[in-house]
Participant: 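Before we start, here is the structure in question, set down as structure tokens.
Lettering of chains follows the sequences in order, A, B, ..., and the numbering in each one begins at 1. If you're wondering where the values come from, they're calculated on a predicted model, not measured in any experiment. Because only heavy atoms are used, hydrogens play no part in the values below, and waters and symmetry mates are left out as well, while side chains stay in.
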Amino acid sequence: MPESSPIGRSAAEQHDVGATAIARVLLDSPLPQLDRLFDYRIPPRLRALAVPGVRVTVPLRAAGRQASGYLIEVVDEQSFEGVLSELVDVVSAVPVLQPEVYRLIRRAADRAAGTASDLARLVIPTRQVRVEKAWLARRAAEQAAIEEAVSEDAATADAASEGPAAENPAPEGPAAENPAPEGPAAENPAPEGPAPEGPAAEGPAVTAPVVLGYDPAAIDALLDPAAPGPRRRVALTAIPEPAPVPDPDAPSGRRWMPAAARTLAELAAATLARGRSAIVSVPDYRDLENVAAALKVLVPADGVARVDAGQSNPDRYRGFLRALEPRPVIVLGMRTAVAAPAHDLGLIALWDDGDGLHVEPHAPGVHTRDLALLRQEDSGAALVLASHARTTDVQRLVEVGYVGELAPTPARRRRITPTAQLTSADGPAARARIPSTAWRTVAAALDEGPVLVQVARPGYAPRLACADCGETARCTACQGPIAQKRQGATPACQWCGALAVEWRCSRCEGERWRTVGSGSGRTADELGRAFPGARIIVADGEAGVQHVPAGRTLVVATRGAEPVAEGGYRAVLLLDGERMLARESLRVVEDCVRWWCTAAALAAPDAPVMLVGVGGAVASALAMGQPERIAAEELADRRLLRFPPAVRVAAMVGEPEQVARASAEVAALEGVDVLGPVELDEDRVRAIVRFDYARGAEVAETLKVALIRSATAKPRRVDGRPPRRRVPGLRVRFDDHEPFDDPAPGRPAASPARAADAPPSGRMGG
DNA sequence: AGCACGCCGACT
DNA sequence: GTCGGCGTGCTC
């Protein structure tokens with residue numbers, strides 16, 4: 001594979017002038033039948049620009065005569081037996097799809113019967129011509145400066161040496177006066193602002209690459225390319241505490257965040273200090289801001305490339321181009337960060353792989369964790385799968401010996417105390433669903449500082465029922481669940497938003513309803529009565545809370561919306577465990593444990609954490625501070641049932657004949673079985689393929705053939721009727737998070753407030 | 001997606 | 001013989 005750089009070696013340099021240079025091109029098309037490389041001759045005028053990774057336009061009979069694509073490689077001999085066309089143009093000199101990333105998306109697409117171009121579109125931001133021109137000009141200027149330096153003093157070892165520091169000095173900053181080429185951290189001063197905690201930094205604040213709270217030998221092995229695989233790929237259990245990071249923008253000069261964010265930043269900084277790049281991928285924006293804030297104290301701004309979708313297009317492209325430069329960088333982003341370019345990748349760190357946001361909603365729906373695993377395998381970088389609560393997927397990797405385990409010192413384990421739900425007592429505490437022991441603990445903790453109460457749902461009353469017959473109240477328009485947002489407010493449908501003004505019970509025609517259950521608002525009211533004198537704050541997604549004041553403060557938060565309190569909460573109470581566990585889903589237990597452990601990690605190190613109303617093996621593992629055990633038990637259950645992640649799955653949706661044919665083809669393979677089909681609507685069915693990991697390649701290949709067949713099949717006339725529309729086609733999705741859930745068509749897009757009220761979903765096949 | 005190509009029925 | 005409708009399949 002030829003070395004590539006943003007300027008790059010040209011085809012002319014790689015090949016004798018006159019020799020036939022062939023460009024192999026990935027077309028930018030979602031059609032599965034076009035998902036392979038096409039050969040084109042490179043005309044002499046384009047030889048200098050035609051390097052791997054650049055965007056090109058090519059002639060393509062049909063498809064509007066021309067298509068765009070990416071030049072993947074330059075070869076001497078064509079593999080297509082026929083007359084080749086010529087490249088029409090090289091769109092820009094920037095090699096946006098480098099060979100390493102192409103290999104990644106190619107393999108990811110092959111695993112999921114998807115197309116590489118679908119993944120390329122996700123992973124490469126849209127081109128911004130102005131941004132690109134500025135970047136190219138700057139790079140050219142830097143190149144010129146280097147050449148000048150070399151000619152002025154050819155004997156200078158720095159300038160002549162290989163390696164990122166010499167190749168590419170920072171454009172501004174005293175890089176020239178700082179001849180300490182020990183990696184990029186050494187060549188740039190830290191940004192203005194307070195020095196990091198710990199060992200005081202003198203002179204240019206180069207932060208000691210320390211990862212706090214973990215065995216230094218284990219961290220060394222992790223970042224040592226010579227260490228054995230399971231020491232370089234680890235399931236890292238995060239420190240379950242909040243941690244302070246210096247932040248000049250914060251009122252107190254410090255910003256508190258889950259310690260995990262700081263750990264990720266420290267790992268990335270340590271990698272950068274070793275002269276290699278790091279990728280940090282987090283599920284959401286809050287995590288991203290935290291890691292960015294932690295990185296700010298550890299590395300110069302120039303050392304970080306942000307590549308998240310939340311940015312403006314120009315900013316995103318700028319970050320992407322920074323990642324593309326041939327010198328080490330920390331790439332920080334969400335799902336797509338794991339597929340970003342990065343010079344000499346030394347670390348891939350993924351935070352909280354169980355978070356649903358790591359599932360890519362766009363085709364082919366590849367999970368960030370799988371992309372990270374593939375990238376690790378190809379690049380040989382270290383891999384950190386960090387979380388508070390291990391997923392069954394990662395547990396499987398641990399059990400097969402592919403990844404090792406890395407946990408903070410045992411003293412830092414977090415014990416979550418199960419607390420029985422009281423049944424008969426009365427009073428404000430009972431009405432607020434708080435057992436008396438927990439009430440006493442919270443009352444005492446409030447004297448010392450803020451207390452967190454986690455509840456399952458936002459709003460006031462999450463469910464209404466008919467006052468006469470008890471039937472759950474449903475929207476008269478769309479059958480959605482009806483909830484009351486505030487006390488006294490008119491209830492409204494959670495799906496379509498219609499106000500339930502002239503509501504009637506669908507069973508008994510009753511006209512009066514009553515509330516069932518408690519949302520965050522109602523719980524807050526009740527807690528106010530149970531703890532008079534405490535200030536109550538509600539954080540439920542709709543009302544995002546950034547700052548928790550000190551003093552007698554009770555924070556009532558829905559899972560996932562918990563704010564961080566300075567120094568940590570003095571107690572954490574997890575209230576609706578039983579209800580959370582009642583959700584019908586393959587991954588309920590994993591999800592619940594993740595929500596609980598994430599909230600528990602916001603408590604001060606020695607503060608009590610209580611889980612109300614949950615018993616059994618889950619509660620005892622949490623009581624021992626060993627959520628990993630739960631993952632192991634869950635995985636054992638899935639093995640018995642032959643459910644993911646013990647096996648892989650692929651959902652096939654489409655017309656009955658197509659699904660039946662594809663089903664028959666995959667079912668013929670060994671180690672493969674098919675569940676269904678079940679009817680989805682009038683003309684679509686769904687079947688689910690289950691297969692052993694070792695059969696993945698064959699299953700994906702077989703389904704890709706079925707997809708091509710479906711995409712190229714012409715509409716067939718039915719009963720001599722005019723050409724029937726061929727809308728549905730066959731759709732295939734691998735390794736769905738909830739493979740047995742109904743897609744429930746017609747429902748409005750889930751918002752955080754509505755997520756808990758997802759329409760009914762049935763599990764099938766077990 | 002579009003467009004050529006080929007097979008078959010109906011015409012000069 | 002040859003024209004043209006439409007279904008099939010390919011795109012370097």
Participant: Taking CZ from Arg709(A) and P from dG9(C), how many angstroms apart are they, rounded to a whole number?
Facilitator: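 Computing the Arg709(A):CZ to dG9(C):P distance gives 13 Å.
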Participant: In this structure, how many angstroms lie between the C1' atom of dC12(C) and the CD atom of Gln66(A), rounded?
Facilitator: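 It works out to 14 Å between those atoms.
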Participant: Quick one: side chain to side chain donor-acceptor pair (under 3.5 Å) partners of Glu377(A), sequence neighbours excluded?
Facilitator: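 Counting only residues at least two positions away or on another chain, Glu377(A) forms a side chain to side chain donor-acceptor pair (under 3.5 Å) with Arg107(A).
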Participant: Output all residues satisfying side chain to side chain donor-acceptor pair (under 3.5 Å) with Asp591(A), sequence neighbours left out; order by chain, then residue number.
Facilitator: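 Side chain to side chain donor-acceptor pair (under 3.5 Å) list for Asp591(A), sorted by chain: Arg583(A).
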Participant: Which whole-number value in Å describes the distance from Leu34(A) CG to dC10(C) C1'?
Facilitator: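 That distance rounds to 9 Å.
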Participant: For Glu698(A), enumerate each residue passing the side chain to side chain donor-acceptor pair (under 3.5 Å) test, keeping only those at least two apart in sequence or located in another chain.
Facilitator: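 Listed in chain order: Arg695(A).
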Participant: Please classify the nucleic acid contact of Gln33(A) as base, sugar-phosphate, or nothing, using heavy-atom distances under 4.0 Å.
Facilitator: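 Base: the residue Gln33(A), judged by heavy atoms under 4.0 Å, touches a nucleobase.
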Participant: In whole Å, what is the span from the CG atom of Leu60(A) to the P atom of dA4(B)?
Facilitator: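 My rounded result for the distance is 13 Å.
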Participant: Can a donor-acceptor pair be found between the side chains of Ser85(A) and Arg61(A) at a distance below 3.5 Å?
Facilitator: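 Arg61(A) and Ser85(A) do not have a side-chain donor-acceptor pair below 3.5 Å.
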Participant: Taking CZ from Arg36(A) and P from dC12(C), how many angstroms apart are they, rounded to a whole number?
Facilitator: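 Nearest whole value for this atom pair: 9 Å.
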Participant: Let me know the distance between CD1 of Ile42(A) and P of dC12(C), rounded to the nearest Å.
Facilitator: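 That distance rounds to 17 Å.
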Participant: Between the base of dC12(C) and the ring of Phe80(A) - centre-to-centre under 5.5 Å, planes within under 30° - is that a stack?
Facilitator: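 The ring of Phe80(A) is stacked on dC12(C).
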Participant: Is any side-chain N of the basic residue among Arg642(A) and Asp692(A) closer than 4.0 Å to the acidic one's carboxylate O?
Facilitator: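 Yes, charged N to carboxylate O under 4.0 Å.
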Participant: Could you list the donor-acceptor pairs under 3.5 angstrom formed by side chains in residues 644-652 of chain A, with sequence neighbours left out?
Facilitator:
residue, atom, partner, partner atom, Å
Arg648(A), NE, Asp735(A), OD1, 3.2
Arg648(A), NE, Asp735(A), OD2, 3.1
Arg648(A), NH2, Arg111(A), O, 3.2
Arg648(A), NH2, Asp735(A), OD2, 2.7

Participant: Which part of the nucleic acid, if any, lies within reach of Val83(A) when heavy atoms closer than 4.0 Å are counted: base, sugar-phosphate only, or nothing?
Facilitator: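 Sugar-phosphate, backbone atoms only, no base.
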Participant: Round to the nearest Å and state the distance from Glu86(A) atom CD to dC12(C) atom C1'.
Facilitator: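 Going from Glu86(A) (CD) to dC12(C) (C1'), I get 13 Å.
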Participant: Could you give the CG-to-C1' distance, from Asp39(A) to dT11(C), as a whole number of Å?
Facilitator: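 After rounding, the reported distance stands at 13 Å.
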Participant: Which residues pass the salt bridge (Lys or Arg N to Asp or Glu O under 4.0 Å) test with Arg55(A), not counting sequence neighbours?
Facilitator: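 By the salt bridge (Lys or Arg N to Asp or Glu O under 4.0 Å) rule, Arg55(A) matches no residue at all.
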Participant: Which of residues 113-121 of chain A have a heavy atom under 4.0 Å from DNA chain C?
Facilitator: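 Contacting residues: none.
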